[in-house]
Amino acid sequence: MEKHFILATAGHVDHGKSALVKALTGTDPDRLPEEKARQITIELGFAHLQLSAPPSTINSQLSTFCIGIVDVPGHEDFVRNMIAGVGSIDLALFVVAADDGWMPQTEEHLQILTYLGVRRAVIALTKSDLGKIDNVSAQIRNQLRDTAFAHSPIIPTSVRTSEGIENLKSALAVEFSTVQPQRDIGKPRLFIDRAFTLHGIGTVVTGRLSNGPLRRGQNVIVQPQNLEARIRSIQSHGSELESAQPGMRTAISLPDVPIRPSGIERGNTVTTAELGAAANTVDVVLEKSARLSRPDPAARPLKSGSSAHIHFGTDRVGAKISLLDQDVIEPGQCAIAQLRLESPLLAFVGDRFVVRDSSEQNTIAGGVVLDVDGNRENFRSTAQSQFLKTRASAIDDVDLRISSQLTRDGFAETTGLLIKSNSSADQIANALTRLERDGQIVLRGEIAAAAPHWRDLIARTTALIDVLHKKHPEQRGLDFTKLRAELNIGSDALLAAIILELTGNGFVRAENKIARSSHRPSLPREILPAAEKIRTALAEKPFDPPSRKDFSGDRHLQALRFLIEQGKIVELNSEIVLLRDAAEQMRTAVAEFLSKHGPATASQLRQKIGTSRRVIIPFLEYLDRVGVTQRIGDSRQLRETKSAAVALR
């Protein structure tokens, strides 16, 4: 089997990164005429390296590492391109030249890798044929002290003599043998680093595929433009594929979408519709490296209200930074902030990014996304502030991500919970199980709720039902519409979960109402005369009753509603009601007439029953609704599935 990884170079200009890639792969990553002329890397370059796993790791399931290499510029003028190349990698090939040693861009690249959460690197000490290997190695080791790369192997190399190239390959193979491949969490994102048009093919985009697979023929969305597209073909390192897996360097053909200015460009993301839209506002935690020191301009305090550039994935967008509860961030400090972006990004909770100043001269901070649905109005609210501080305390803790959201929001529908995060469905499900077992949350149907919020909802619903039973004993139960309004419930799933909970614990549902199982509707003593008056009035002219408007007044309305709910009165429309016996007699007469004579008009049926047009029209419409009759032109006939006997039931 094969494992797929992405390796990116990093290091100061003219330290031999591109030459080293060519020595490793045989491919010159510098492809632009300007790069050839200036002999420096300007744009991202790409190559492919295939390595065998070290002998100690070879088994029947694993033998080959397929490595996509991204070669990045080292010049300070092209840091933007460098960040686009290292935004989603498995391992860094950190390059330091023996003649120069540690240089300014070496340091800036180290900070960028650290901000982006890169934890593994192999250090290539290039130009080793020039000597000073021991001194520069000691310098590198000192500079890497207290970083994630402190114990990274340092491999002397020379592309001129080929010294150390095989050693470097071996070191890379050893490192990759302990790196976990990109996880498939079913949430594919391809961060586009190139977009171009090929004759006869159309638009092609390339990038590193993360978080989930893409397949040929699949419908996708290009964000942030929300452009719909369909994948015609997929390649990885020149090979045609039916599907690309996470961790692959991937090229896909999207012939239906143009490239910029009206379509795709570097920085866009190819994904799927269910992951939702890009966001203009995200809440984050920012970190300013403790390695920054005066007089480095990057060490200046980062002030709340500052404008900056956010480098995320392969994109760069302008943003205004608002700090939550402090005025500045000094080197070595962290702070919660809100990024108010000039253009939207499809970010996930847990994604990392780099911050450069508005002049694009200095890398000033890095950060991690805490909330992808930031709100400018409630950023400093107590609930949001506590939510963000809780998440920032353990950024990668899935349990905490869920519990913090439920504490803030009260509940969430499980199908959409953490959909825009780097947590998989299995991780989320397992976290929900743990949180429920620990009593922190309640799971009911499609709903996950914070335990205190759930108990409050059930208690409030119970109280509403009890109050209704006391004030209006004639009503069957609490109407769902009123329950929604009283509890401010907009979610159908939440309402269904509440009803399900109650019906299993001493309550009963009747159509769109809920009541205690012990409740028996009854009219209050003072309402009984009104009910008797209504029954008497309807009985006097059973087939041509008085208008419903004649029963005005609160007591009459209360009595009428009770009689309708109890089935003693049939409601035809807002104007006409009938005694149940009268309605049954009329239905029997209609069914018998139609069964014997066939289709009949409203006038014929009115004469048969001895009622008025005011009553017969709504009555026939009622029979249509309950499935006894059906209208054909101006006539009614029995429904074909209804015999006369069935119709009389």
Side-chain angles (χ1 to χ4, degrees), residues 381-383 406-414 436 439-535 538 548-571 573-575 577 580:
S381 69
T382 301
L406 297 182
T407 298
R408 181 193 65 180
D409 299 340
F411 80 98
E413 296 184 17
T414 54
E436 183 182 39
Q440 296 185 51
I441 70 169
V442 173
L443 296 177
R444 293 292 185 275
E446 299 177 8
I447 290 296
H453 182 74
W454 180 255
R455 290 192 293 268
D456 179 64
L457 282 175
I458 298 303
R460 289 169 63 194
T461 303
T462 301
L464 287 168
I465 294 171
D466 288 342
V467 167
L468 180 77
H469 288 344
K470 184 176 181 180
K471 288 186 175 182
H472 299 284
E474 77 284 357
Q475 294 187 23
R476 282 191 298 173
L478 181 63
D479 188 274
F480 293 169
T481 301
K482 185 174 182 180
L483 178 59
R484 279 183 182 273
E486 291 288 343
L487 299 184
N488 192 27
I489 293 176
S491 166
D492 291 339
L494 178 59
L495 179 65
I498 292 172
I499 301 304
L500 180 64
E501 175 82 358
L502 292 175
T503 52
N505 292 279
F507 292 80
V508 62
R509 173 179 181 170
E511 296 178 355
N512 64 336
K513 300 179 187 297
I514 187 165
R516 284 195 178 273
S517 301
S518 59
H519 176 65
R520 298 295 179 268
S522 62
L523 280 173
R525 186 182 302 274
E526 64 273 16
I527 305 298
L528 290 173
E532 187 57 35
K533 180 180 178 180
I534 292 171
R535 279 195 293 259
L538 294 177
R548 188 171 178 172
K549 293 179 180 178
D550 292 348
F551 309 124
S552 59
D554 291 342
R555 291 190 174 183
H556 286 92
L557 292 175
Q558 191 173 349
L560 182 60
R561 183 165 53 246
F562 172 78
L563 293 170
I564 292 172
E565 288 187 353
Q566 292 300 300
K568 296 178 180 180
I569 287 178
V570 175
E571 182 179 35
N573 60 20
S574 61
E575 300 294 331
V577 293
R580 168 63 63 182

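Keep in mind that the numbers below use all heavy atoms, side chains included, and drop hydrogens, waters and symmetry copies. We number each residue from 1, following the sequence as shown.
For the pair Gly477 and Ala515, the tightest heavy-atom approach, listed with the atom from each and the gap, is CA-CB, 3.8 Å. Between Leu563 and Ala531, the closest heavy-atom pair is CD1-O, 4.1 Å. When every heavy atom of Ala559 is checked against every heavy atom of Ile534, the shortest pair comes out as CB-CD1, 4.1 Å.
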Val577 and Val570: side chain to side chain contact (heavy atoms under 4.5 Å, CB included), yes or no, with the steps?
CA-CA 6 Å; Val577 293; Val570 175; over 6 Å; no
Would Phe507 and Thr461 count as a side chain to side chain contact (heavy atoms under 4.5 Å, CB included) if you check the C-alpha gap in whole Å, the side-chain angles of each, and the deciding distance to 0.1 Å?
CA-CA 11 Å; Phe507 292 80; Thr461 303; over 6 Å; no
Does the pair Leu464 and Leu487 meet the rule for a side chain to side chain contact (heavy atoms under 4.5 Å, CB included), with working shown?
CA-CA 10 Å; Leu464 287 168; Leu487 299 184; 4.1 Å; yes
Please lay out, stage by stage, how Arg444 and Glu501 fare under the test salt bridge (charged side-chain N to carboxylate O under 4.0 Å, His left out).
CA-CA 8 Å; Arg444 293 292 185 275; Glu501 175 82 358; 2.5 Å; yes
Apply side chain to side chain contact (heavy atoms under 4.5 Å, CB included) to the pair Ile447 and Leu443, showing each step before the final yes or no.
CA-CA 6 Å; Ile447 290 296; Leu443 296 177; over 6 Å; no
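With respect to Glu486 and Arg460, no salt bridge is recorded, no charged nitrogen being found less than 4.0 Å from a carboxylate O.
Without hydrogens or angle criteria, His469 side chain to Arg516 main chain gives a donor-acceptor distance under 3.5 Å. In this structure a side-chain-to-backbone donor-acceptor pair under 3.5 Å is missing from Arg535 to Ala530. When atom types are taken as modelled, the side chain of Thr503 and the backbone of Arg509 share no donor-acceptor pair closer than 3.5 angstrom. Between the side chain of Asn573 and the backbone N or O of Glu575, at least one donor-acceptor pair lies under 3.5 Å. Using a distance-only test at 3.5 Å, with no hydrogens or angles considered, a donor-acceptor pair links the side chain of His519 to the main chain of Gln475. With hydrogens and angles disregarded, no donor-acceptor distance shorter than 3.5 Å links the side chain of Arg555 to the backbone of Leu557.
When side chains are defined from C-beta on, Phe551 counts as touching Leu538, because their heavy atoms get closer than 4.5 Å. Under the 4.5 Å side-chain criterion, counting only non-hydrogen atoms from C-beta, Leu478 is not in contact with Val467. Under the 4.5 Å side-chain criterion, counting only non-hydrogen atoms from C-beta, Ile498 is not in contact with Leu500. By the 4.5 Å heavy-atom criterion applied to side chains, Asn505 and Ile458 are not counted as neighbours. Between Arg548 and Leu560, the closest side-chain pair of non-hydrogen atoms falls below 4.5 Å.
Of the inter-residue distances, the one linking Ile564 atom CD1 with Arg580 atom CZ reads 10.5 Å to the nearest 0.5 angstrom. Rounding to the nearest 0.5 Å gives a distance of 10.0 Å between CD of Glu565 and CD of Glu571. Residue Phe411 holds its CZ atom at 6.5 Å from NE2 of His453, rounded to the nearest 0.5 Å. Taking CG from Asn512 and CG from Asp479, the interatomic distance works out to 4.5 Å, rounded to the nearest 0.5 Å. In this structure, Leu483 CG and Asn488 CG are separated by 11.5 Å, a value rounded to the nearest 0.5 Å.
When the options Glu446, Glu413, Arg484 are evaluated for a side-chain hydrogen bond (donor to acceptor under 3.5 Å, both in side chains) with Ser491, the one that passes is Glu413.
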